[in-house]
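Below: one structure, written as structure tokens.
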Amino acid sequence: MRKILYLIYCNPAKLYFGDQSLDYLNTELPKYGKNVVLIYGGGSIKKNGIYDDVIKILEAQGKNVAEIAGVMPNPTLAKLYEGIEIARKHQADLLLAVGGGSVCDYAKAVSVSVNCEEDPWEKYFVRFEEPSCETLPVGCVLTMVGTGSEMNAGCVITNQETKQKIGHVFADEKIIPRFAILNPRYTMTLPHRQMVAGIYDIFNHICEQYFSGEDDNTSDYISEGLMRSVLHASRIANKNPQDYEARSNLMWTATWALNTLIAKGKSTDWMVHMLGQAVGAYTNATHGMTLAAVSLPYYRYILPYGLPKFKRFAIEVWKVNPEGKTDEEIAEEGLKAMEDWMKELGLAMKISELGATKDMIDGIADATLLLEGGYKVLSRKEIVEILEESL
């Protein structure tokens, strides 16, 4: 008999969604002190006017603003140390992240580190401890969708010296951004490759929670609906990136794909992310593309261990007709439909497309964390086999 699960779910993030949502920054800013650290990436927000709009509101609210610019797609430990010093010197009351998931992730890493007396890498990304110090509140103005970082307590940092890219999902809901501003129009300025990488990131977040050792509950039905929404909206956005409704649905789905709701009542897998992040640490490739490149080899490898779920995935998500087919044939047809969709979007299908080479395989395998939440706990030898297939 399956044991009874007792669940606790708390998500305090307040979302403002729509093409006028930035106006609500005026509602949120008075709740915090005068010293704000504005965090953003490579400068695209200065080209598209979002930076000027945010600065205008900050000035109107009388905030003292310091900036952490140049946060990269895979935020590094060195960049984290830099941000900690800026936030400390400014005596920050609020960290305001304006950008995509990497910028939001980075802001949370700074949040838990500013008052930390230990090395944050060792404490949070090696020992995976929780903060024992005061943390800073984070707010987000989202410009790219995919990670769901605007409504969760996770962050990912890359240690370039050790070639490790490690994520930590903190247990305390106070690490979740206090508010997030979601304007779908902000995402329309992205290059096509970044858009489709974000789309696959959304889809794979759902898959990581859907394919697991604990199946067939309410969370799975929600997941299937979210996946179908991604497929529908992605095909429209792929043909017309300026379609507001499609971009809105992708933005909303991205948030719900990783605010931990659909993980409740389940174990979760996350091995595609472990593989993809290890590839990313060696290649510095875009996160969504690394996930795409390793997904199918991984799923085809574990399919025999989770056959009933892969069959359900094929029928419920990909609308495979099961008539006259074995369970294996149905499941494999579902993965073939997924492969065709990925190619339609223009995703990377091999890690060699991202700069990975055969002589990197052992190092990538060593950097891949082994998790136990999926249908099979992999050995290092199996990790190597999957990575070689991904080449």
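- Between the side chain of Y299 and the main chain of F310, no donor-acceptor pair closer than 3.5 Å is present.
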- Message: As a quick check of understanding, evaluate side-chain contact (heavy atoms from CB on, under 4.5 Å) for L345 and M195, giving each step before the final call.
- Response: CA-CA 10 Å; L345 292 188; M195 179 188 76; over 6 Å; no
- side-chain contact (heavy atoms from CB on, under 4.5 Å) between C116 and K123: does it pass, once the steps are laid out? CA-CA 9 Å; C116 182; K123 182 175 178 64; 3.6 Å; yes
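- M342 CE to I199 CD1: the interatomic distance, rounded to the nearest 0.5 Å, is 12.0 Å.
- Scanning all heavy atoms of the two residues, the minimum distance from P12 to I176 falls at CD-CD1, 3.8 Å.
- V54 is not connected to M188 by any chain of hydrophobic side-chain contacts under 4.5 Å among Ile, Leu, Val, Met, Phe, Trp and Tyr, and they are in different clusters.
- The aromatic rings of W270 and H273 lie perpendicular to each other, with more than 60° between the two planes, well past the 30° mark.
- Surrounding NE2 of H232 are at most 12 heavy atoms belonging to other residues, nucleotides or ligands under 6.0 Å away.
- For the atom pair CG of D327 and CD1 of I315, the computed distance is 8.0 Å after rounding to the nearest 0.5 Å.
- Taking the six-membered ring where the residue is Trp, the centroids of F170 and H168 are separated by under 6.0 Å.
- A distance of 9.5 Å separates CG of L303 from CZ of R300, quoted to the nearest 0.5 Å.
- Ionic pairing of K89 and E85 is not present here: no N-O contact between side-chain nitrogen and carboxylate oxygen is shorter than 4.0 angstrom.
- With T368 contributing its side chain and A278 its backbone, the two residues share no donor-acceptor pair below 3.5 Å.
- Taking the six-membered ring where the residue is Trp, the centroids of Y81 and W121 are separated by 6.0 Å or more.
- When the salt bridge (Lys or Arg N to Asp or Glu O under 4.0 Å) test is applied to D52, no partner is found at least two apart in sequence or on another chain.
- Looking at every heavy atom in both residues, I386 comes nearest to P297 through O-CB, 4.0 Å.
- For the pair K264 and Y9, the cation-pi criterion (under 6.0 Å, within 45° of the ring axis) is not fulfilled.
- The cluster map of Ile, Leu, Val, Met, Phe, Trp and Tyr, joined by side-chain heavy atoms under 4.5 Å apart, puts V141 and V145 in different clusters.
- Without hydrogens or angle criteria, Q160 side chain to L77 main chain gives no donor-acceptor distance under 3.5 Å.
- Salt bridge present: D220 and K266 bring a charged side-chain N and a carboxylate O closer than 4.0 Å.
- Checked by atom type and distance alone, the side chain of T268 never pairs as donor or acceptor with a backbone atom of Q209 at under 3.5 Å.
- Environment of CD in E372: sparse, with no more than 12 heavy atoms of neighbouring residues, nucleotides or ligands closer than 6.0 Å.
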- Could you go step by step and tell me if N74 and N284 meet the side-chain hydrogen bond (donor to acceptor under 3.5 Å, both in side chains) rule? CA-CA 7 Å; N74 295 306; N284 200 34; 3.0 Å; yes
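- The two residues T147 and N152 come nearest to each other via the heavy atoms O-ND2, 3.9 Å.
- Aromatic pair F313/F211: centroids less than 6.0 angstrom apart.
- Residue E122 qualifies as enclosed at atom CD: its count of foreign heavy atoms under 6.0 Å is above 12.
- Few gaps surround CD on E388; more than 12 heavy atoms of other groups in view lie less than 6.0 Å from it.
- The minimum heavy-atom distance between E67 and I55, with the atom names listed, is OE2-CD1, 4.2 Å.
- Residue pairs that meet the salt bridge (charged side-chain N to carboxylate O under 4.0 Å, His left out) test with at least one member in residues 340-351, sequence neighbours left out, are R235-E344, K336-D340, E339-K343.
- Taking the charged nitrogens against the carboxylate oxygens, K376 and E382 do have a contact shorter than 4.0 Å, which makes a salt bridge.
- Ring centroids of Y16 and Y24 are separated by less than 6.0 Å, placing the two rings close together.
- Judged purely by atom type and a 3.5 angstrom limit, R247 has no side-chain atom pairing as donor or acceptor with the backbone of R185.
- Remark: Q91 CD is loosely packed, at most 12 non-hydrogen atoms of other residues, nucleotides or ligands lying under 6.0 Å away.
- A cation-pi arrangement is present between K46 and Y51 under the rule of less than 6.0 angstrom and at most 45 degrees off the ring axis.
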- Query: Given Y124 and E130, is the side-chain hydrogen bond (donor to acceptor under 3.5 Å, both in side chains) satisfied, shown in steps?
  - Reply: CA-CA 7 Å; Y124 300 132; E130 293 297 306; over 6 Å; no
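- Between R312 and E224 there is a salt bridge, since at least one side-chain N of the basic residue sits less than 4.0 Å from a carboxylate O of the acidic one.
- K31 meets the salt bridge (Lys or Arg N to Asp or Glu O under 4.0 Å) test with E28; sequence neighbours excluded.
- A donor-acceptor pair under 3.5 Å is absent between the side-chain atoms of K165 and the main chain of T76, judged by distance alone.
- A donor-acceptor pair under 3.5 Å is formed between the side chain of K309 and the backbone N or O of Y210.
- The minimum heavy-atom distance between L94 and P137, with the atom names listed, is CD1-O, 3.5 Å.
- Within the 3.5 Å criterion, the main-chain N or O of Y200 finds no donor-acceptor partner in the side chain of N204.
- The side-chain contact (heavy atoms from CB on, under 4.5 Å) test with T253 singles out one residue from S234, S248, S229, and that residue is S229.
- Of the charged side-chain nitrogens involved, at least one lies within less than 4.0 Å of a carboxylate oxygen, so that E118 and R127 count as a salt-bridged pair.
- Here R380 pairs with D362 in a salt bridge; the nearest charged N to carboxylate O distance falls below 4.0 Å.
- The backbone N or O of N35 sits less than 3.5 Å from a side-chain atom of D93, completing a donor-acceptor pair.
- Distance check, rounded to the nearest 0.5 Å: OG1 of T255 to CE of M151 gives 7.5 Å.
- D105 places a side-chain N or O within 3.5 Å of a backbone atom of V156 that can act as its donor or acceptor partner.
- In the hydrophobic clustering of ILVMFWY residues, with side-chain heavy atoms under 4.5 Å counting as a link, L370 and V294 come out together.
- A continuous path of ILVMFWY side-chain contacts below 4.5 Å connects Y32 to L96, so both sit in one hydrophobic cluster.
- The shortest non-hydrogen separation linking V317 to M227 is CG2-CE, 3.8 Å.
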